[in-house]
There are 2 protein chains.
Amino acid sequence: MTVSLQVMRAQQDGIFTDGCPSRVVLDHVTSKWGVLVLAALADGTLRWGELRREVDGISEKMLASTLKTFEADGLVQRTAYPEVPPRVDYRLTPRGRDLAEAMSPLMTWVAAHADAIVNG
Amino acid sequence: MTVSLQVMRAQQDGIFTDGCPSRVVLDHVTSKWGVLVLAALADGTLRWGELRREVDGISEKMLASTLKTFEADGLVQRTAYPEVPPRVDYRLTPRGRDLAEAMSPLMTWVAAHADAIVNG
DNA sequence: CTGAATCCCCGCGGATACTG
DNA sequence: CAGTATCCGCGGGGATTCAG
């Protein structure tokens, strides 16, 4: 069953209105690289370099900014090891894993139907 | 169960790589206003003016461009009635409804956890 | 009422170079 | 290896005007 804006608003007043918390979070998640970074981290811990390679095409700047946003949101946990050479890894928090699960149907759907949409 | 990029790539080679169809479609859907427009149309037909009010904060320019993209993608169907004053309405195609269903868990999750993320 | 067209600004995001 | 700093272009997005 599909949930529409109207239905959600009947349950929760003012949800997804301009500037409200749900819009802020939605913007973070649906930011240009948001879903891809979350999906990359969905089944385990990754280092910075692995993440860069996994999320094909992302720039260092956007990876850093996306990770910072998610860290501030409590969706991603960063761990730095005091080694030389430096090693840092990223993984989803429980909340992040929960979100990734909620995103899963969308990703699966897109993967399954993208060719039909783009080609025709 | 959550599906990660790695898992999807094990099933479908080169999925969600730079410039591939799945990335194009994902960009359309997760565009700034994409999910909100789709969610607004999720449980029925809406006229242009209703859509504008429903998707709080969207400009006419972005509404038009978002709708055109989705129409070209076969996700939204536009119907114009030859009346005065003019009346146009938009509704999801079967494919669009399918997508809206896949987005539903994400929207629900965001609605439920946004406050905790922004405040807490 | 439903747009299309135009102008314009601002900031997202890419490219590159540099650092601990 | 894991970032930060800087520059800059382009397109998102607002405001306004016009049309059918």
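Residue numbers begin at 1 in each chain, while the letters A, B, ... track the order of the sequences.
- Residue Arg87(B) qualifies as enclosed at atom CZ: its count of foreign heavy atoms under 6.0 Å is above 12.
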Identify all pairs in which a protein N or O lies below 3.5 Å from an N or O of nucleotides 17-20 of chain C, and state each distance.
none

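- Atom CG of Asp13(A) is surrounded by 12 or fewer heavy atoms from other residues, nucleotides or ligands within 6.0 Å.
- Contact check of residues 39-49 of chain B against DNA chain C (heavy atom, cut-off under 4.0 Å) returns Arg47(B), Trp48(B), Gly49(B).
- Atom CD1 in Ile58(A) sits about 14 Å away from atom C1' in dA15(C), given to the nearest Å.
- Within the structure, every pair that satisfies the side-chain hydrogen bond (donor to acceptor under 3.5 Å, both in side chains) test and touches residues 16-41 of chain A, not counting sequence neighbours, is listed here: His28(A)-Asp73(A).
- Taking atom CE of residue Met62(A) and atom P of nucleotide dT16(C), one finds them 17 Å apart after rounding to whole Å.
- Remark: Arg9(B) pairs with Glu54(A) by the side chain to side chain donor-acceptor pair (under 3.5 Å) rule, at least two apart or across chains.
- Judged by distance alone, with hydrogens and angles left aside, the side-chain atoms of Arg52(B) form a donor-acceptor pair with the main-chain N or O of Ile58(B) at under 3.5 Å.
- Within residues 64-83 of chain A, no residue has any heavy atom under 4.0 Å from DNA chain C.
- Formation of a donor-acceptor pair under 3.5 Å by the Gln6(A) side chain with backbone atoms of Ala40(B) is found in this model.
- When every heavy atom of Trp48(B) is checked against every heavy atom of Glu60(B), the shortest pair comes out as CH2-O, 3.7 Å.
- Between Ser59(B) and dG14(D) there is a side-chain polar atom (N or O) within less than 4.0 angstrom of OP1 or OP2.
- Inter-axis angle, ends of the helix from dC1(C)-dG20(D) to dG20(C)-dC1(D), five pairs per end, rounded to 10 degrees: 50°.
- Between the side chain of Lys32(A) and the base of dG13(C) there is no donor-acceptor pair of N/O atoms closer than 3.5 Å.
- With Ser104(B) contributing its side chain and Ala100(B) its backbone, the two residues share no donor-acceptor pair below 3.5 Å.
- Closest approach of Ala42(B) to Val3(A), counting heavy atoms only: CB-O, 4.2 Å.
- Judged purely by atom type and a 3.5 angstrom limit, Thr93(B) uses its side chain to pair as donor or acceptor with the backbone of Leu75(B).
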